[in-house]
Amino acid sequence: MKTGIKGIRRVSAVAITAGAVLTAGAFAAPAQAATLPTPTITAAGGFVMNNGTGKSLFTKAADTRRSTGSTTKIMTARVVLGQPNLNLDSKVTVQKAYSDYIVNNNWASSARLIVGDKVSVRQLLYGLMLPSGCDAAYALADKFGSGSTRDARVKSFIGKMNATAKSLGLTNTHFDSFDGIGHGSNYSTPRDLTKLASNAMKYSTFRTVVGTKSTKQKVTTKSGGYRYMTWENTNALLGTYAGTIGVKTGSGPEAKYCLVFAATRNGKTVIGAVLASSSVPNRTADAKKLLDYGFKK
């Protein structure tokens with residue numbers, strides 16, 4: 001049998017080629033993706049999820065119950081929007097009790113509603129969510145609660161808030177106020193508030209309102225004339241963070257500084273909440289960090 005030089009060279013060439021492929025493959029292997037560092041926030045609690053899939057993206061004391069401040073008003077709006085046969089253009093006459101409530105509560109933020117004016121339910125929702133008007137919250141509770149007295153209607157409305165929380169599976173949430181000025185039993189968690197906001201965002205009116213940076217609304221005065229009410233949104237993410245679509249700020253001596261937030265980029269919506277941050281700038285910075293993180297996850 002012949003095993004000439006040509007045969008040896010051929011075998012060697014095959015071996016060298018195979019070795020070269022193995023070596024090239026080793027060098028061409030992709031490097032391990034760097035682990036995305038988890039952001040640090042000043043807020044005592046935080047939660048972020050992918051709104052489309054419900055997947056949790058970030059948690060920090062996400063199920064710890066805390067005072068929620070005016071993020072409570074997300075539920076106020078949700079209860080109103082969930083009413084059967086809702087007429088957003090129906091009128092509500094502003095009562096003195098609503099303005100007195102602002103005067104009597106130091107932490108009550110105001111939509112500056114004027115007694116005797118006739119405002120629509122839609123306008124009250126803007127007054128509720130943009131300047132965080134506790135007077136607007138009172139008006140809505142009075143309008144959509146049941147009972148022969150204002151106190152009974154308010155109690156009924158808060159009952160609807162808790163019934164809605166239960167129906168949404170918010171097991172760590174309870175309300176004892178229509179606006180977040182609690183009486184010892186008004187609380188939620190970052191996870192629950194995020195789920196609530198996600199549900200509320202299914203309503204087109206809610207999305208429109210909370211995504212509005214400012215609005216000028218024409219209302220009817222007591223004398224039959226009209227005036228314009230101008231409201232600015234307290235959510236600093238609007239106009240400063242690309243893709244922001246909502247949702248609501250909150251603050252208070254117990255709640256500190258809270259923010260429920262949502263943004264959409266490239267078809268992905270990230271939604272979350274921070275509770276008990278240390279200042280207004282820090283709650284906004286916390287939210288931006290968590291949104292950045294959520295979009296990268």
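Numbering starts at 1 and runs along the sequence shown. Owing to the predicted nature of the structure, the values given are computational and were not obtained by experimental measurement.
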Report whether [X] and [Y] are members of the same hydrophobic cluster (ILVMFWY, side-chain heavy atoms less than 4.5 Å apart, transitive linking).
X      : Y      : value
Val92  : Val219 : yes
Phe206 : Leu88  : yes
Ile181 : Met75  : yes
Ile74  : Leu125 : yes
Ile271 : Tyr241 : no

Side-chain contact test, heavy atoms from C-beta onward, threshold under 4.5 Å: evaluate it for [X] versus [Y] and give yes or no.
X      : Y      : result
Val94  : Ile114 : no
Ser214 : Thr230 : no
Leu196 : Thr173 : no
Val48  : Phe261 : yes
Met201 : Ile245 : yes
Val80  : Leu128 : no
Thr72  : Met161 : yes
Lys288 : Thr240 : yes

What's the separation between atom [atom1] in [X] and atom [atom2] in [Y], rounded to the nearest 0.5 Å?
X      : Y      : atom1 : atom2 : value
Lys218 : Met229 : NZ    : CE    : 15.0 Å
Thr64  : Arg191 : OG1   : CZ    : 10.0 Å
Trp231 : Gln123 : CH2   : CD    : 6.0 Å
Leu86  : Tyr203 : CG    : OH    : 9.5 Å
Asn104 : Ser99  : CG    : OG    : 9.5 Å
Cys258 : Asp286 : SG    : CG    : 11.0 Å

For the student: nearest non-hydrogen atoms of [X] and [Y], plus distance:
X      : Y      : value
Thr93  : Tyr98  : O-CE1, 3.9 Å
Ala136 : Leu124 : CB-O, 3.6 Å
Arg283 : Ser251 : NH1-CB, 4.2 Å
Thr59  : Ser56  : CG2-OG, 3.5 Å
Met49  : Leu57  : C-CD1, 3.8 Å
Ser277 : Thr42  : OG-OG1, 2.8 Å

task: Please test Thr76 against Lys73 for side chain to side chain donor-acceptor pair (under 3.5 Å), starting from the C-alpha separation and ending with a verdict.
output: CA-CA 5 Å; Thr76 309; Lys73 290 167 181 152; over 6 Å; no
When you check the side-chain N and O atoms of Ser132 and Lys248, is any donor under 3.5 Å from an acceptor?
yes
Give a yes or no on whether the backbone of [Y] and the side-chain of [X] come within a donor-acceptor separation of less than 3.5 Å.
X      : Y      : result
Asn186 : Ser177 : yes
Asn162 : Phe175 : yes
Asp176 : Ser185 : yes
Asp135 : Arg112 : yes
Asn235 : Gly246 : yes
Lys160 : Gly145 : no
Thr194 : Pro190 : yes
Arg265 : Ala242 : yes
Thr68  : Thr71  : no
Asn172 : Thr189 : no

Report task. Kindly check if the number of other-residue, nucleotide or ligand heavy atoms within 6.0 Å of NZ (Lys91) is above 12? Result -> yes
Would one find more than 12 heavy atoms of other residues, nucleotides or ligands at under 6.0 Å from atom CD of Gln217? yes
Is Asp89 paired with Arg122 through a side-chain N to carboxylate O contact shorter than 4.0 Å?
yes
List the steps and the verdict of side-chain contact (heavy atoms from CB on, under 4.5 Å) for Gln95 and Arg150. CA-CA 11 Å; Gln95 304 295 314; Arg150 186 172 293 117; 3.6 Å; yes
Next on the checklist: Using the ring centroid of each side chain, check whether Phe157 and Phe178 are separated by less than 6.0 Å.
Outcome noted: no
Open item on the list: Is the ring pair Phe58/Tyr293 parallel, tilted or perpendicular, if the boundaries are 30 and 60 degrees?
Closed with: perpendicular
Tested for salt bridge (Lys or Arg N to Asp or Glu O under 4.0 Å) against Asp142, the lone hit among Lys155, Lys96, Arg153 is Arg153
